[in-house]
There are 2 protein chains.
Amino acid sequence: MTISSQLATIPLFEGLTDSQYDQLSKIIVSRKYDRGQTIFSEGDEATGFFVVAEGTVKIFKLSMDGKEQILHIFGPGEPFAEVAVFTGSTFPAHAEALKKSTFFFVPRKEFISLIHENPSMAMNMMASMSMRLKKFAMMIEDLSLKEVPNRLAAHFLYLSAQNNDSKEFQLNISKSQLASLMGTVPETLSRILSRMSSQNFVSIHGSKITVHDSSGLRALADGETKLG
Amino acid sequence: MTISSQLATIPLFEGLTDSQYDQLSKIIVSRKYDRGQTIFSEGDEATGFFVVAEGTVKIFKLSMDGKEQILHIFGPGEPFAEVAVFTGSTFPAHAEALKKSTFFFVPRKEFISLIHENPSMAMNMMASMSMRLKKFAMMIEDLSLKEVPNRLAAHFLYLSAQNNDSKEFQLNISKSQLASLMGTVPETLSRILSRMSSQNFVSIHGSKITVHDSSGLRALADGETKLG
DNA sequence: CGCTGCGTTGAGCTTCTTCAACGATCGTGG
DNA sequence: CCACGATCGTTGAAGAAGCTCAACGCAGCG
């Protein structure tokens, strides 16, 4: 598969002309990373942004004493670190490959001039940023106003929705990573999972989650009930 | 002062031609609100976004049992609820005037066509959204990885920087509102303020804050120390 | 086979919230 | 201009939620 044909499947680049795809494929660099490899660290000089071609990446913050808070986990087709294109010149968080992955690197300057020539790409970009703002607002709301079990319930419903509303799905990340995504530590997550399964909301076998009481989860997620 | 001349002072609208200002001033509606008045609620139909002309607005989320988390406080020149222009059609949070205020309402459709004709406005918009993404990322980091005293220290340093690095400044919001902005409750904030002042980091007289030990605050904000 | 990373469990502790009471302050209408 | 009520802010005591530390089982992999 050529780079140019892969680009067409990326929402951010929808609506470009063929010649623009060619142009884009000339300025884009493809980079490969192994599982666990750092893509960039907070504060690093940023000369452009990335798009996931294959694999997954986690974007995260670190506290002084090493605890991490995951901000995003991105998969194929999703751009990351675009913020660095528009504000300042350093990356605002850390990025690490969660598995063997390939990312496209898009240099800042070239991208900006492309935007100027193509309003629909600007619109795509703004739509993508808006969705992230919304997601962040939700995370802030959750962290501040909800407790861990409620956040976890919401996350399970989200994952279920991602999987065609299936009652059964796999966690695509380790439980430690899930803990970090929920803004807590592995021990707390483990205890909550066992409470959830002993109360028959879900059952857990390794990384396979089976939802038994989705309306119960919904009530939890909305903060209407508490996990006893 | 005409609307058109006010528009020129708004960063989002920088770089427009005179005729575009005229055009903009024709589609914009000016609205007045009293202190405490609701501008919109989460879930309301959104047909456009706002820019603060005068006064201040708080954007916030509410939990089931009524606790609020403030996401932003915006003053003159700052746009809000632009997210609604690009995703979905409902407001993702609540907005309320903190004092007697005037806001410009910009209808969605007209604004979008203006963007298409003017790439520099798209760039302005993306710059503004990027800054907010960065701010949100910081809030998430703080909520998840830092304790309230550390967040408060960071906020004081931020306010001090806003005031030409003056050691003395006024809180522009009530302490209850500050508590909500810090993701806590008034009681906790009050206790922390008294600890901070008894340890001579700052002194507090009403809403006037005086910083005595800015390097101490810095260490707190960066999570290097704890408030005893 | 042992090592290393992940997950689980227990115990104790810190931080923050909740509930309740009270004092201060502000704005407003009389 | 004062008095009143309402909101805001402070303080105390008790309790909940989540974190830390430590130990241990288990799996995968060299």
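So that the names make sense, note that chain A is the first sequence line, chain B the second, and so on, each numbered from 1.
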Nearest-Å distance, [atom1] ([X]) to [atom2] ([N])?
{"X": "B/L220", "N": "C/dT15", "atom1": "CG", "atom2": "C1'", "result": "15 Å"}
{"X": "B/I204", "N": "D/dC8", "atom1": "CD1", "atom2": "C1'", "result": "16 Å"}
{"X": "B/L152", "N": "C/dT15", "atom1": "CG", "atom2": "P", "result": "16 Å"}
{"X": "A/I173", "N": "C/dC6", "atom1": "CD1", "atom2": "P", "result": "13 Å"}
{"X": "A/K175", "N": "D/dA27", "atom1": "NZ", "atom2": "P", "result": "13 Å"}
{"X": "A/E187", "N": "D/dG18", "atom1": "CD", "atom2": "P", "result": "14 Å"}
{"X": "B/E147", "N": "C/dT17", "atom1": "CD", "atom2": "C1'", "result": "15 Å"}
{"X": "B/I192", "N": "D/dT11", "atom1": "CD1", "atom2": "P", "result": "13 Å"}

Exercise. Yes or no on side chain to side chain contact (heavy atoms under 4.5 Å, CB included) for A/R108 and A/S89, after CA distance, side-chain angles and deciding distance?
Worked result: CA-CA 10 Å; A/R108 173 188 184 149; A/S89 54; 4.0 Å; yes

For this session: Assign each of B/R191 and B/Q177 to its nearest nucleotide of DNA chain D by heavy atoms, then name whichever residue's nucleotide is nearer the 5' end.
Result: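 Looking at the nearest nucleotide for each, B/Q177 comes out on the 5' side.
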
Exercise. Which comes earlier along DNA chain D counting from the 5' end, the contact point of B/R35 or that of B/T188, where each point is its nearest nucleotide?
Worked result: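 This one resolves to B/R35.
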
Exercise. Taking five pairs at each end, how big is the angle between the two axes of the helix from C/dC1-D/dG30 to C/dG30-D/dC1, to 10°?
Worked result: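 Angle reported: 40°, given to the nearest ten degrees.
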
Nucleotide nearest [X] (side chain, heavy atoms from C-beta), chosen from [options]:
{"X": "B/P149", "options": "C/dT18, D/dC19, C/dC16", "value": "C/dC16"}
{"X": "B/T184", "options": "C/dC16, D/dT10, D/dG9", "value": "C/dC16"}
{"X": "A/K226", "options": "D/dA17, C/dC16, C/dT9", "value": "D/dA17"}

Problem set entry | Side-chain donor or acceptor of A/T184 paired with backbone N/O of A/T188 under 3.5 Å |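 No, A/T184 side chain to A/T188 backbone: no donor-acceptor pair under 3.5 Å.
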
Problem set entry | Short side-chain N/O contact to C/dT17 OP1/OP2 from B/K67, under 4.0 Å |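 Result: yes.
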
Check every strand shown and say whether [X] touches a base, only sugar-phosphate, or nothing at a heavy-atom separation below 4.0 Å.
{"X": "A/G183", "answer": "sugar-phosphate"}
{"X": "B/K146", "answer": "nothing"}
{"X": "B/S176", "answer": "sugar-phosphate"}

Exercise. Which residue lies toward the 5' end of DNA chain C, A/L189 or B/R151, if each is placed at its nearest nucleotide?
Worked result: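 It is A/L189, whose closest nucleotide lies nearer the 5' terminus.
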
For this session: Could you tell me how the ring of B/F111 sits relative to the ring of B/F86: parallel (under 30°), tilted (30 to 60°) or perpendicular (over 60°)?
Result: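 Plane angle over 60°, so perpendicular.
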
For this session: Heavy atoms only: give me the nearest B/G183-B/L143 pair and the separation to one decimal.
Result: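 Heavy-atom minimum between the residues: CA-CD2, 4.2 Å.
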
Problem set entry | Nearest heavy-atom neighbours spanning B/S198 and B/R195 |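 Of all heavy-atom pairs spanning B/S198 and B/R195, the closest is OG-O, 3.1 Å.
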
Exercise. Would a line drawn from the ring center of A/F80 to the ring center of A/F103 be shorter than 6.0 Å?
Worked result: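 Ring-ring flag for A/F80/A/F103: true, centres closer than 6.0 Å.
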
Exercise. Do B/K58 and B/Q177 have side chains that get closer than 4.5 Å, going by heavy atoms?
Worked result: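 A side-chain contact exists here, since the closest heavy-atom pair is under 4.5 Å.
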
Problem set entry | A/I10 side, atom CD1; A/F104 side, atom CZ - distance, nearest 0.5 Å |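 Answer for the CD1-CZ pair, A/I10 versus A/F104, is 5.5 Å.
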
